[in-house]
Amino acid sequence: MKKVLDILLVILGIGSLILIGVMIFIGTAMGKKADNYGSSEKPVLINESICSVNENNVGKQIYDLNEATCFIALKLNKKASDLNLIRDALIAEENYMNNIGLISENPNSENETEPNVELDVNELAEYALNQEKVDLTKENLLEIYDTEIEYLKFIGVVDE
């Protein structure tokens with residue numbers, strides 16, 4: 001009798017694991033992350049076919065490349081296939097800012113950023129096209145960089 005109970009417990013355990021797996025699969029297929037089940041996180045922007053942005057990140061002042069990419073894609077009503085292009089544009093921006101001295105890989109660098117160094121968005125777009133070979137038009141790049149300002153406001157880095 002004990003062996004039968006042990007076998008039933010094993011079968012129930014395996015069945016539970018299968019059920020959890022199916023629930024995760026269904027949730028993922030519907031555009032929800034499996035790790036969000038039972039959490040209090042609320043997405044602020046959702047396009048279930050692409051991605052979601054977590055409203056709990058409002059004002060956190062932490063720039064996340066993946067979240068910025070998603071935020072911009074959702075604001076511009078882009079497709080999932082556009083996510084990598086948007087990400088490429090943002091990476092090109094980071095490289096450009098490193099090149100002109102606006103940001104540094106070493107935050108304790110003795111070379112302080114010059115206070116009069118400014119980001120020229122037109123030069124940035126030209127850099128992204130010509131140096132980084134981002135596969136977008138200049139107009140698309142400018143639209144992405146303009147929309148990124150909304151993301152910077154969202155995370156509290158830029159004031160209204």
Side-chain angles (χ1 to χ4, degrees), residues 20-21 23-160:
I20 290 170
M23 289 173 57
I24 290 172
F25 174 76
I26 291 171
T28 303
M30 294 178 69
K32 297 177 180 156
K33 288 191 213 170
D35 60 353
N36 281 346
Y37 284 105
S39 76
S40 61
E41 294 179 357
K42 300 175 198 166
V44 69
L45 297 171
I46 299 176
N47 180 335
E48 295 198 6
S49 64
I50 297 179
C51 56
S52 65
V53 175
N54 185 346
E55 79 176 25
N56 291 332
N57 292 337
V58 171
K60 294 254 175 134
Q61 296 188 346
I62 298 172
Y63 188 96
D64 180 280
L65 179 61
N66 292 328
E67 182 178 64
T69 300
C70 178
F71 185 97
I72 292 166
L74 293 172
K75 283 287 186 179
L76 297 177
N77 294 316
K78 297 295 184 181
K79 301 176 197 156
S81 60
D82 296 319
L83 288 172
N84 284 335
L85 292 171
I86 293 169
R87 182 181 177 86
D88 291 345
L90 297 177
I91 290 170
E93 177 188 31
E94 180 181 4
N95 292 339
Y96 176 76
M97 291 191 301
N98 275 322
N99 287 341
I100 66 169
L102 271 178
I103 59 175
S104 172
E105 294 296 324
N106 181 4
N108 296 324
S109 166
E110 291 182 20
N111 298 332
E112 293 292 323
T113 302
E114 294 292 322
N116 57 358
V117 175
E118 292 183 14
L119 179 74
D120 181 323
V121 73
N122 286 308
E123 285 181 19
L124 166 59
E126 291 297 328
Y127 173 87
L129 290 168
N130 299 323
Q131 301 298 316
E132 299 282 330
K133 307 294 184 201
V134 175
D135 191 22
L136 290 166
T137 65
K138 183 174 181 178
E139 292 75 26
N140 290 140
L141 286 166
L142 293 174
E143 182 180 49
I144 288 168
Y145 297 139
D146 285 343
T147 307
E148 184 187 24
I149 294 169
E150 292 182 50
Y151 174 71
L152 296 174
K153 289 177 183 176
F154 172 78
I155 61 171
V157 175
V158 172
D159 292 332
E160 298 292 321

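- When all heavy atoms of Ala89 and Tyr145 are compared, the closest pair comes out as O-OH, 2.7 Å.
- In this structure, Leu142 and Thr137 have side chains that are not in contact, with every pair of non-hydrogen atoms separated by 4.5 Å or more.
- Taking all atoms of both residues into account, the shortest heavy-atom contact from Tyr63 to Ala68 is OH-CB, 3.5 Å.
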Full working for side chain to side chain contact (heavy atoms under 4.5 Å, CB included) between Asp135 and Leu85: CA-CA 7 Å; Asp135 191 22; Leu85 292 171; 4.0 Å; yes
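- With rounding to the nearest 0.5 Å, the separation of CD1 in Ile103 from CD in Glu94 is 4.5 Å.
- Here the straight-line distance linking atom CD of Gln131 with atom CG of Leu124 works out to 12.0 Å at 0.5 Å rounding.
- Taking every heavy atom of both residues into account, Gln61 and Gly156 meet most closely at NE2-O, 3.0 Å.
- Within a 6.0 Å radius of CG in Asn99, more than 12 heavy atoms belonging to other residues, nucleotides or ligands are found.
- From Arg87, atom CZ reaches atom CG of Leu90 across 8.5 Å, with rounding to the nearest 0.5 Å.
- Between the Tyr151 side chain and the Thr69 main chain, no donor and acceptor come within less than 3.5 Å of each other.
- The CD1 atom of Ile72 sits 6.5 Å away from the OG1 atom of Thr147 when rounded to the nearest 0.5 Å.
- Scanning both residues, Leu83 and Cys70, for their nearest heavy atoms gives CD2-CA, 4.3 Å.
- The salt bridge (Lys or Arg N to Asp or Glu O under 4.0 Å) analysis of residues 59-71, with sequence neighbours excluded, yields no pairs.
- Considering CD1 of Ile86 and CG of Asn140, their distance stands at 9.0 Å, rounded to 0.5 Å.
- Distance OH/Tyr127 to CD/Glu93: 11.5 Å, rounded to 0.5 Å.
- Between the side chains of Tyr96 and Glu132, no donor-acceptor pair of N or O atoms lies under 3.5 Å.
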Worked check of side chain to side chain contact (heavy atoms under 4.5 Å, CB included) between Leu76 and Asp82: CA-CA 10 Å; Leu76 297 177; Asp82 296 319; over 6 Å; no
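- Ser52 and Leu74 get closest at one heavy-atom pair: CA-CD1, 4.4 Å.
- No donor-acceptor pair under 3.5 Å is formed between the side chain of Asp146 and the backbone N or O of Glu143.
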